[in-house]
Every structure is written in C-alpha cells, then in structure tokens.
*Asks:* 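The structure's right below; bear with me while I get my questions together.
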Amino acid sequence: MVRNAWWIAVLVGWLAVPATGWACSCTFITQGLPGSLEGARDQAGFIYLGRVRDSEGRSERFATVDVLEAFKGSVKAGDVLQLPYGWSGDCVLNLPGGQTWLLYADKSSPEAVWMCTRSRRVLSSDDSELTWLRTGVLPPVPVSLQRETVSCEACNIEAVGGRLLAPPQMPPATPAAHAEAEALWKKGQPFFTAEYAEHLMMFGVSREGRAFELTEVSGSFGVQKACERRVELRWCKRLELRQRTPRFSAFHCVDPGEPQEACDERRSRKSEWFPMERLPARACIWFNPSAPSCELAEGRFPFPSGAPPLPVLACHPWTPGARSGSYSCEVKTAPEPVPPEP
C-alpha cells in the first residue's frame with residue numbers, strides 16, 4: 001500500500017515477539033537529507049508540534065494531544081486532537097502521556113498519523129527539524145562518515161528470563177506465546193512471556209513461584225548502539241492481567257520491588273573508530289535529521305585529502321563485531337579519535 005512517494009508501508013504477517021501480535025514494518029526510500037525533508041513536507045497535509053496529555057481525555061484507543069505549534073495545514077496552536085495510539089499491531093503510534101511529538105499527518109485529517117508517517121518524539125524546542133520548519137534553514141548536512149566497531153559480553157533478556165525458570169544444570173527456558181502464558185499463569189505454573197511498552201519487557205513466574213518483571217533498555221533514546229543493552233529485574237508481589245486495548249490484554253507487575261541489575265553490556269564494551277571515509281550516496285534514511293539510520297557495505301572509501309571533512313556522520317553498528325550492515329548514526333561537528341597507525 002503506497003500513500004506517499006517518500007515511503008512505503010507494509011503490514012508484515014509474522015510475530016516479532018510471541019506476545020506482540022501482528023507487527024508493522026515501514027520501508028523508507030533512501031535519499032539525501034534535503035530531499036527527505038522537502039519530500040515529507042510536500043506530501044503531508046498537516047504538520048504540527050503536539051504534546052500528549054497525561055490522562056485527561058485518554059481512552060483505550062485514543063490519546064488527547066494539544067497542538068503547540070503548526071507548520072502546515074489548517075491546524076493551529078491551541079487545537080485539541082484525538083490521535084489513535086497503542087501497540088495494537090495496526091501501525092498506530094505509541095503516545096505515552098507527557099511527551100512532545102512532531103507530527104506529520106496525511107492530507108485527509110490532522111489526526112491521520114501513524115508509524116509510517118514522519119512522526120517522531122522530540123526532546124527539545126531547538127530540534128534541527130523544528131528549526132528548519134520554522135526558518136527554512138536546513139539542518140547540518142554531513143559530508144563524511146566515520147564508523148565504529150564494538151565488542152562486549154552479550155546481555156540477552158530472554159536468556160535472563162529463561163534462567164529464572166530453569167534449574168542451574170538445565171538450558172534456559174524459552175518464552176511462551178501470550179495465550180500459553182495466560183493459561184500457565186491461571187494454573188499457577190512457571191512461565192515468562194514478552195511484551196512491549198516503552199521498552200521490551202518480560203513478565204513471568206520463576207521456578208520458585210516468584211512473580212517478576214524484566215526490562216531491557218537499549219541505550220540512548222533515538223540511537224541504537226551495539227553493546228549498550230542492559231536488563232533490570234524487579235520482583236513483584238504478584239502479576240495481574242489488565243486490558244490494554246479492546247483487543248489486547250497485558251501482564252502488570254503489582255507492588256514491584258527495587259530494580260536489580262541482571263546484566264549490562266556497557267561494563268564489557270570495547271570500542272574502536274575507523275578513519276573518516278566518503279559518505280555513500282543513498283545509504284541513509286533521514287527519518288531524524290540528527291540521527292539517521294544507514295546501511296553500510298564493508299568496503300570503505302578514504303575521504304579525499306584536503307576536502308572539508310565536517311560535519312561528520314558517526315555511525316554505530318547494531319550488532320557487535322559488525323563491519324557492515326545496519327548502523328545508527330549521529331551528526332557531529334568533530335570526528336572521533338582513531339587508534340594510531342602501527
């Protein structure tokens with residue numbers, strides 16, 4: 001299904017995690033930063049900055065959003081909108097209360113926003129895309145690239161949860177699908193299952209009969225980096241099953257204890273940066289002008305001697321040891337230090 005020229009949305013019929021249900025996947029056309037921004041502005045019917053109310057006007061399927069600033073369309077500051085939200089698997093946005101979002105809506109309505117439009121959370125009023133929408137001044141456009149390679153001892157939330165169920169001499173248990181987990185919970189038997197909130201979470205009952213909650217934190221907001229995951233464990237008085245949407249219920253930890261560190265990849269993280277290289281054409285998706293996602297080949301091309309090297313795009317691999325593949329990148333005004341040549 002194609003709605004806009006600059007992206008294609010695909011509903012994928014597979015389970016990303018057993019508890020999450022149908023997944024939504026968005027495929028964006030790779031192009032340069034100026035083209036990405038201008039194409040998104042041209043194709044959108046409404047563009048505005050909005051703040052999600054904490055609780056007032058919130059329902060099981062809609063969040064109340066106050067328009068703070070408008071950039072395109074008939075919407076204006078002070079308008080109050082009802083936006084679909086949740087993790088129901090039909091590409092709606094997750095909109096926690098209190099957050100501020102830059103929202104791109106289809107031409108049909110200012111409330112027609114979903115995962116595959118250019119909508120994203122913003123953390124400050126001087127976000128470079130907001131500055132561009134206000135003034136027309138483009139964000140800094142990188143002219144070079146520098147990539148990182150990392151290694152660490154892996155921290156896996158499923159392995160942590162599996163160890164809470166299995167005896168020491170046995171392999172870790174595997175997570176149950178949501179329907180199976182609910183049946184085991186009702187019988188008072190050990191289990192664990194995955195769910196999504198702001199982060200990937202696991203809920204379960206250990207082999208000793210203790211309810212628990214595991215939370216995986218991937219690192220800095222908006223920048224996915226290998227070897228920065230950590231998992232926190234909290235013991236619960238008990239688990240409850242609560243309705244999240246009309247179609248989906250979720251486990252809830254009642255009276256959780258203090259979080260305990262289960263594992264932290266940052267403790268063993270080792271990092272090394274390669275010299276600067278040319279930025280490949282059409283390698284990146286500029287969904288966030290300060291933090292694009294890039295697909296990089298293993299071959300690197302030295303940056304031309306004497307050419308201005310800044311700004312530089314510093315790219316972090318998604319997986320340890322990778323020399324190619326998916327990277328999360330950051331626009332920086334200075335390069336990272338590289339090891340001296342032998």
*Asks:* Is any side-chain heavy atom of Leu49 closer than 4.5 Å to a side-chain heavy atom of Leu103?
*Replies:*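 No, side chains not in contact.
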*Asks:* Hey, is CD on Glu153 packed in by over 12 heavy atoms from elsewhere, all under 6.0 Å?
*Replies:*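 No - once you tally the heavy atoms of other residues, nucleotides and ligands closer than 6.0 Å, there are 12 at most.
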*Asks:* Assess, by modelled atom type and distance only, whether the side chains of Glu272 and Thr149 contain a donor and an acceptor separated by less than 3.5 Å.
*Replies:*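 Looking only at side-chain atoms, Thr149 and Glu272 do not form any donor-acceptor pair under 3.5 Å.
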*Asks:* Going by distance alone, is a donor N or O of one side chain under 3.5 Å from an acceptor N or O of the other, for Ser328 and Ser293?
*Replies:* no
*Asks:* Tell me, yes or no, whether the heavy-atom count around Glu208 atom CD, taken from other residues, nucleotides or ligands under 6.0 Å, exceeds 12.
*Replies:* yes
*Asks:* So, Arg51 side chain and Gly98 main chain: donor-acceptor pair closer than 3.5 Å or not?
*Replies:*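 Checking the backbone N and O of Gly98 against the side chain of Arg51, a donor-acceptor pair under 3.5 Å is found.
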*Asks:* Is a salt bridge present between Glu228 and Arg266, judged by a nitrogen-to-oxygen distance below 4.0 Å?
*Replies:* no
*Asks:* Just wondering, more than 12 heavy atoms not from Arg134 lying within 6.0 Å of its CZ?
*Replies:* yes
*Asks:* Let's go through Phe71 and Leu130 carefully: what are the C-alpha distance in whole Å and the side-chain angles of both, what is the deciding distance for side chain to side chain contact (heavy atoms under 4.5 Å, CB included) to 0.1 Å, and is it a yes or a no?
*Replies:* CA-CA 9 Å; Phe71 306 106; Leu130 290 178; 3.9 Å; yes
*Asks:* Within the 4.5 Å heavy-atom criterion, are Leu33 and Leu138 side-chain neighbours or not?
*Replies:* no
*Asks:* So, the side chain of Glu111 versus the backbone of Leu81: is there a donor-acceptor pair under 3.5 Å, distance only?
*Replies:* no
*Asks:* Can you see which heavy atom on Val338 is nearest to which on Gln146, and at what distance?
*Replies:*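 It is CG1-NE2, 3.3 Å.
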*Asks:* Check for a donor-acceptor pair, side chain of Thr117 on one end and backbone N or O of Tyr104 on the other, with a separation under 3.5 Å.
*Replies:* yes
*Asks:* Does Arg229 offer a backbone N or O that forms a donor-acceptor pair with the side chain of Glu265 under 3.5 Å?
*Replies:* yes
*Asks:* Is it the case that His316 and Glu330 place a side-chain donor and acceptor less than 3.5 Å from each other?
*Replies:* yes
*Asks:* Might you confirm whether atom CZ of Arg267 has over 12 heavy atoms from other residues, nucleotides or ligands at distances under 6.0 Å?
*Replies:* no
*Asks:* Check step by step if side chain to side chain contact (heavy atoms under 4.5 Å, CB included) holds for Phe62 and Val92.
*Replies:* CA-CA 10 Å; Phe62 294 92; Val92 295; over 6 Å; no
*Asks:* Do NZ/NE/NH1/NH2 and the carboxylate oxygens of Arg147 and Glu336 come within less than 4.0 Å?
*Replies:*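 Not counted as a salt bridge, because no side-chain N and carboxylate O are separated by less than 4.0 Å.
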*Asks:* Decide, yes or no, whether a salt bridge links Arg230 with Glu216 under the criterion of side-chain N to carboxylate O below 4.0 Å.
*Replies:*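 Glu216 and Arg230: not salt-bridged.
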*Asks:* For Glu277 and Ser144, which I'm curious about, is there any donor-acceptor pair between the side chains at under 3.5 Å?
*Replies:*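 Judged by distance alone, the side chains do not pair up.
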*Asks:* Can a donor-acceptor pair be found, under 3.5 Å and without considering hydrogens, that links the side chain of Arg207 to the backbone of Ala166?
*Replies:* yes
*Asks:* For the residue pair Asp106 / Ser108, report whether a side-chain donor-acceptor contact shorter than 3.5 Å exists.
*Replies:*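 Side-chain D/A pair, Ser108 to Asp106: absent.
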*Asks:* For Phe251 together with Trp185, are the ring centres under 6.0 Å from each other?
*Replies:* yes
*Asks:* For Asp42, is there any backbone N or O sitting under 3.5 Å from a side-chain donor or acceptor partner on Lys72?
*Replies:*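 Present.
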*Asks:* Look at Arg242 together with Glu240 and state whether they make a salt bridge at an N to O cut-off of under 4.0 Å.
*Replies:* yes
*Asks:* Under 4.0 Å between a side-chain nitrogen and a carboxylate oxygen: does that hold for Glu148 and Arg269?
*Replies:* yes
